[in-house]
Every structure is written in structure tokens, then in C-alpha cells.
Amino acid sequence: MPKINRNTLLGLVHKGAKALFDDDDLRRDWQKQRTGHRSCKQMTNEQLDSLVKELRRKGALRPPRRYGPKSTGRVIDKIRATWITMHQQGIVKDPAEAALDSWVERMTAKANGGKGIQTLEWLSREPRLQQHLLESLKKWQSEALKREGERQ
């Protein structure tokens, strides 16, 4: 992974924390719990980087494009793209991969003997389930957009 400059790290921490916290004091308390410093200026680049990684895990920051999964036209890539689009449309609250994985696990539990498939990537061996999940997601999206259109 290429080295990110300090100003970029500072900007990412502030941008991600702004998405998570309404209050500056809450943000500073969160930073102090994780790094021992309330102010980003006092942190090392490694501490800033760890905050950026945590903000990405929480979905407050998008993963860097060059390191994200590249679409290869697989059904699971279409599921991921639909999930992100639904977030942009306001249908899905949490765009994070972890939230998508939780949805996948809930949706596959019945078809998998009560124990859902824990991550989207693990669906690669289950083409029937992949297609079923994509269709379910598209149906959810369509119904949500239809309801939204009726409200207006």
C-alpha cells in the first residue's frame, strides 16, 4: 500500500468522523479512546491511519477505489453494486460490506439449513443463491422506489 501523506490522513479522519459524529467533543472523545490524543495534530501518522481504517470499517469512509473489489461481471459484483446504489437512493442505511454480509447471512439462512452464508464472497460457489439474492435485492429496490413515488 503506498504511503499516504499526513494532510490526506487528517482530511480523511475529519471527513469520516464528521459523518459519524454530530458533535466535535464526541469526535475528540472517540479519538482519545483509540489513540490517547484528542487532537489529530498530536497523533502519529500510524495513529491517524488506524483511525482511517476504523472509519472505513464503520462505513463512514469509502474504501480507496484502487484497493476495492474490482467488478468482473460476476453476480456477486452486481449484488454489491445494487447494494451501494440502494444506499445512494436512501433505501439502505449502511453501505458497508459488513452490513451487506449481514443481509446475505439473513437471506441465505433458510436455504442453507438455518445457518446463513456469512459473506457475499462465499456465495461464489452457490450460483443459484447468488441469482436469488440479486433478484430479491432488485425487488426490494423496486418496491422501495415505488413506495417513494407514491408518497410524492
Side-chain angles (χ1 to χ4, degrees), residues 1-4 8-35 40 46-152:
M1 182 174 190
K3 194 168 188 159
I4 298 175
T8 301
L9 290 170
L10 288 167
L12 288 170
V13 167
H14 286 277
K15 180 181 178 184
K18 187 176 183 179
L20 283 182
F21 303 103
D22 298 337
D23 182 57
D24 194 50
D25 284 330
L26 289 174
R27 174 186 61 85
R28 289 178 183 274
D29 291 343
W30 175 80
Q31 289 174 181
K32 182 159 176 80
Q33 285 177 332
R34 279 145 186 83
T35 66
C40 288
E46 290 76 20
Q47 290 170 323
L48 290 169
D49 189 49
S50 73
L51 290 179
V52 168
K53 287 177 182 170
E54 184 168 343
L55 289 165
R56 284 190 174 128
R57 276 192 304 273
K58 291 179 178 283
L61 289 173
R62 289 184 182 175
R65 282 186 175 229
R66 61 185 177 268
Y67 300 116
K70 293 183 178 177
S71 177
T72 58
R74 301 177 303 170
V75 175
I76 60 174
D77 294 329
K78 292 175 185 177
I79 292 170
R80 184 178 288 113
T82 304
W83 183 265
I84 291 167
T85 299
M86 289 173 67
H87 169 69
Q88 293 166 345
Q89 294 169 329
I91 300 167
V92 170
K93 287 184 175 68
D94 188 353
E97 191 79 13
L100 175 56
D101 288 342
S102 293
W103 180 81
V104 166
E105 187 171 8
R106 281 192 312 275
M107 293 297 291
T108 58
K110 186 176 180 182
N112 200 33
K115 177 79 171 124
I117 296 172
Q118 294 177 341
T119 69
L120 180 62
E121 289 299 322
W122 291 357
L123 274 176
S124 59
R125 295 184 215 127
E126 300 286 343
R128 182 183 56 80
L129 281 176
Q130 289 176 37
Q131 197 60 44
H132 174 72
L133 285 184
L134 179 58
E135 294 308 316
S136 296
L137 202 55
K138 287 165 50 175
K139 183 177 179 185
W140 176 18
Q141 180 184 32
S142 174
E143 289 171 357
L145 292 174
K146 185 176 172 183
R147 279 192 307 271
E148 184 63 30
E150 291 170 356
R151 282 187 218 147
Q152 294 178 357

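Along the sequence shown, the residues carry numbers beginning at 1.
Every residue meeting the side-chain contact (heavy atoms from CB on, under 4.5 Å) condition with Lys139, not counting sequence neighbours, appears here in chain and number order: Glu143. Scanning for salt bridge (Lys or Arg N to Asp or Glu O under 4.0 Å) contacts around Lys18 gives an empty result, with sequence neighbours left out. Residues passing the side-chain hydrogen bond (donor to acceptor under 3.5 Å, both in side chains) test with Arg28 are Asp24, sequence neighbours excluded. Remark: Ser136 engages no residue in a side-chain hydrogen bond (donor to acceptor under 3.5 Å, both in side chains) (not counting sequence neighbours). Applying the side-chain contact (heavy atoms from CB on, under 4.5 Å) rule to Ala96 yields the partners Asp94; only residues at least two apart in sequence or on another chain are considered. The side-chain contact (heavy atoms from CB on, under 4.5 Å) search around Ser50 returns none, not counting sequence neighbours. Under the rule for a salt bridge (Lys or Arg N to Asp or Glu O under 4.0 Å), the partners of Asp25 that lie at least two apart in sequence or sit in another chain are Arg38. Among residues two or more places apart in sequence or in another chain, the side-chain hydrogen bond (donor to acceptor under 3.5 Å, both in side chains) test is passed with Gln141 by Gln89. Residues forming a side-chain contact (heavy atoms from CB on, under 4.5 Å) with Ser102 (at least two apart in sequence, or on another chain): Arg106. Remark: Glu54 pairs with Arg34 by the side-chain hydrogen bond (donor to acceptor under 3.5 Å, both in side chains) rule, at least two apart or across chains.
Nearest approach of Ile117 to Val104, heavy atoms of both residues: O-CG1, 3.6 Å. The minimum heavy-atom distance linking Gly59 with Pro95 is given by the pair O-CG, 4.2 Å. A pairwise comparison of heavy atoms in Gly16 and Ala60 identifies O-CB, 3.5 Å as the closest pair.
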Q) When you look at Met107 and Leu137, which way does the side-chain contact (heavy atoms from CB on, under 4.5 Å) test go after all the steps? A) CA-CA 10 Å; Met107 293 297 291; Leu137 202 55; over 6 Å; no
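With values rounded to the nearest 0.5 angstrom, Ile76 atom CD1 is found 11.5 Å from Leu134 atom CG. Taking CD of Glu46 as the start and CG of Leu9 as the end, the distance is 9.5 Å to the nearest 0.5 Å. The CG atom of Asp101 lies 9.0 Å from the CH2 atom of Trp122; values are rounded to the nearest 0.5 Å. Distance check, rounded to the nearest 0.5 Å: NZ of Lys93 to NE2 of His87 gives 11.5 Å. Taking CD1 from Ile79 and CH2 from Trp103, the interatomic distance works out to 6.5 Å, rounded to the nearest 0.5 Å.
In this structure, Trp83 and Trp140 have perpendicular ring planes: the angle between them is above 60°, well past the 30° mark.
Electrostatic pairing of Glu121 and Arg74 counts as a salt bridge here, judged by a charged N lying under 4.0 Å from a carboxylate O. Between Arg80 and Asp77 there is a salt bridge, since a side-chain N of the basic residue sits under 4.0 Å from a carboxylate O of the acidic one.
Side chain of Thr82 to main chain of Lys78: a donor-acceptor pair is present (N/O by atom type, distance under 3.5 Å, no hydrogens or angles).
The number of heavy-atom neighbours closer than 6.0 Å to CG of Asp22, taken from other residues, nucleotides and ligands shown, is 12 or below.
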Compile the donor-acceptor pairs under 3.5 Å between side chains in residues 125-133 and protein atoms, sequence neighbours left out, one pair per line.
from	atom 1	to	atom 2	distance (Å)
Gln130	NE2	Leu123	O	2.7
Gln130	NE2	Ser124	O	3.3
Gln131	NE2	Glu135	OE2	3.1

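Partner Leu10 forms a side-chain contact (heavy atoms from CB on, under 4.5 Å) with one of Leu48, Val52, Leu51 and no other, that one being Leu48.
Contact of the His14 side chain with the Arg27 side chain is registered, since non-hydrogen atoms from C-beta on lie closer than 4.5 Å.
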